[in-house]
> 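Handing you this structure, nothing more for now.
Worth knowing before you read on, the calculation uses all heavy atoms, side chains too, and leaves out hydrogens, waters and symmetry mates. Remember, predicted model here, so these are calculated numbers, not experimental data. Proteins get letters first, then strands, A, B, ... in listed order; numbering begins at 1 in each.
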Number of protein chains: 2
Amino acid sequence: MNSSLDTQLDHIFSALSDHTRRRLVHALAEGEKSIGQLAEPFEISLVAVSKHLRVLERAGIISRRIDGRTHFCRLHPESLTQALDWIAIYRSFWDQRLSKMKHLMEKETEPDA
Amino acid sequence: MNSSLDTQLDHIFSALSDHTRRRLVHALAEGEKSIGQLAEPFEISLVAVSKHLRVLERAGIISRRIDGRTHFCRLHPESLTQALDWIAIYRSFWDQRLSKMKHLMEKETEPDA
DNA sequence: AATTTATTTAACCAAATGGTTGACAATTCG
DNA sequence: CGAATTGTCAACCATTTGGTTAAATAAATT
């Protein structure tokens, strides 16, 4: 059925579930960067950062361009659309509740006819 | 620092990274349900479903009300706001790219002055 | 040709995850 | 009371995850 969408959502959400990887996404929002550049601000080893980047790559959130000996990573924001849409569906239930509450409160404060 | 927001995002994204748990959220969008009701459509054991529900609970995505021997779960869509907002920031880079592209294409098809 | 730079691969480790079964607790029903 | 229902807890297992270090590969520099 929807299993390819499902595994894509699995990958995207699980990629975003790690603080380090979210920081990497944040860094890449400034533009293309090499793995060394990306790893520099972190206290963990470059190998660990490299692994995190592969996770983001598998999720389609970033891609890699190899130029000589350096690998450049680039953000693919459109990959987040599915995750955004999925969440938005259920978050919308909250907006509905809010507007219902608002409606009720307005009715309550109405002068009785 | 931001660590409480960060660990909350950790919990929310990791909770959503599992297909079974996303199905549970979907089921709860219809309204409050008991754990037995929730577990029924799944092939895994009730214990496994119960564990998934605890993960969703830890993330603040659902809450539990105990009535007699049955535990009722309820969706808290507002908990998804943070995750939605986080994604929206980076997804917006895509919209920016799109509008830039659109702008360029319009310029290209313009009759030269 | 030898060295340095940029990164991956391989092997390993501890902790977390997603599943199981069996036993226990609490509530309801006959 | 005794039995059935609803769910948790505890122990266990295999796999995944996030980290490490050491060695390998590949390209640039000297």
> From CD1 of A:I35 over to C1' of C:dT9, roughly how many Å is that when rounded to an integer?
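Those two atoms, CD1 and C1', are 13 Å apart.
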> Report the distance from atom CZ of B:R54 to atom C1' of D:dG7, rounded to the nearest whole Å.
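Rounding to the nearest Å, CZ of B:R54 and C1' of D:dG7 are 11 Å apart.
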> When every nucleotide of nucleotides 14-30 of chain C is labelled 5' to 3' by its protein contacts under 4.0 Å (heavy atoms), B for base, S for sugar-phosphate only, - for none, what sequence of letters results?
----SBBB-----BB--
> Starting at NE2 of B:H52, measure out to CZ of B:R23 and round the result to the nearest 0.5 Å.
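The NE2 atom of B:H52 sits 10.5 Å away from the CZ atom of B:R23.
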> Take atom CZ of A:R64 and atom P of C:dA6, then tell me their distance rounded to the nearest Å.
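My rounded result for the distance is 15 Å.
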> A:Y90 vs B:I61, test: side chain to side chain contact (heavy atoms under 4.5 Å, CB included). Steps then yes/no.
CA-CA 10 Å; A:Y90 301 104; B:I61 298 175; over 6 Å; no
> Does D:dG7 have OP1 or OP2 sitting under 4.0 Å from an N or O in the side chain of B:S50?
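Checking B:S50 against D:dG7: no side-chain N or O falls below 4.0 Å of OP1 or OP2.
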> Just how far is it from atom CG of B:L38 to atom CD1 of B:I62, taken to the nearest 0.5 Å?
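Here the rounded value is 7.5 Å.
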> Does B:L84 share a hydrophobic cluster with B:V25, counting links as ILVMFWY side-chain heavy atoms below 4.5 Å and allowing steps through other members?
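Linked within one cluster.
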> Starting at CG of B:L75, measure out to NZ of B:K33 and round the result to the nearest 0.5 Å.
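Rounded to the nearest 0.5 Å, the CG-NZ separation comes out at 11.0 Å.
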> Find the distance A:L53:CG to C:dT8:P and express it as a whole number of Å.
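Atom-to-atom, A:L53 to C:dT8, this comes out as 8 Å.
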> How long is the line joining CG of A:L16 and C1' of D:dG18, in whole Å?
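Roughly 17 Å, once rounded to whole Å.
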> A:H71 NE2 to D:dA26 C1': how many Å, rounded?
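From A:H71 NE2 to D:dA26 C1': 9 Å.
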> Could you tell me the separation between the CG atom of A:D10 and the P atom of D:dT16, rounded to a whole number of Å?
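Answer to the nearest Å: 13 Å.
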> How far apart are the closest heavy atoms of B:H19 and A:D10, and which atoms are they?
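In terms of heavy atoms, the two residues are closest at N-OD1, 3.5 Å.
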> On the nucleotide C:dA6, are OP1 or OP2 found under 4.0 Å from the side-chain N or O atoms that A:T70 carries?
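Looking at the OP1 and OP2 atoms of C:dA6, neither is under 4.0 Å from any side-chain N or O of A:T70.
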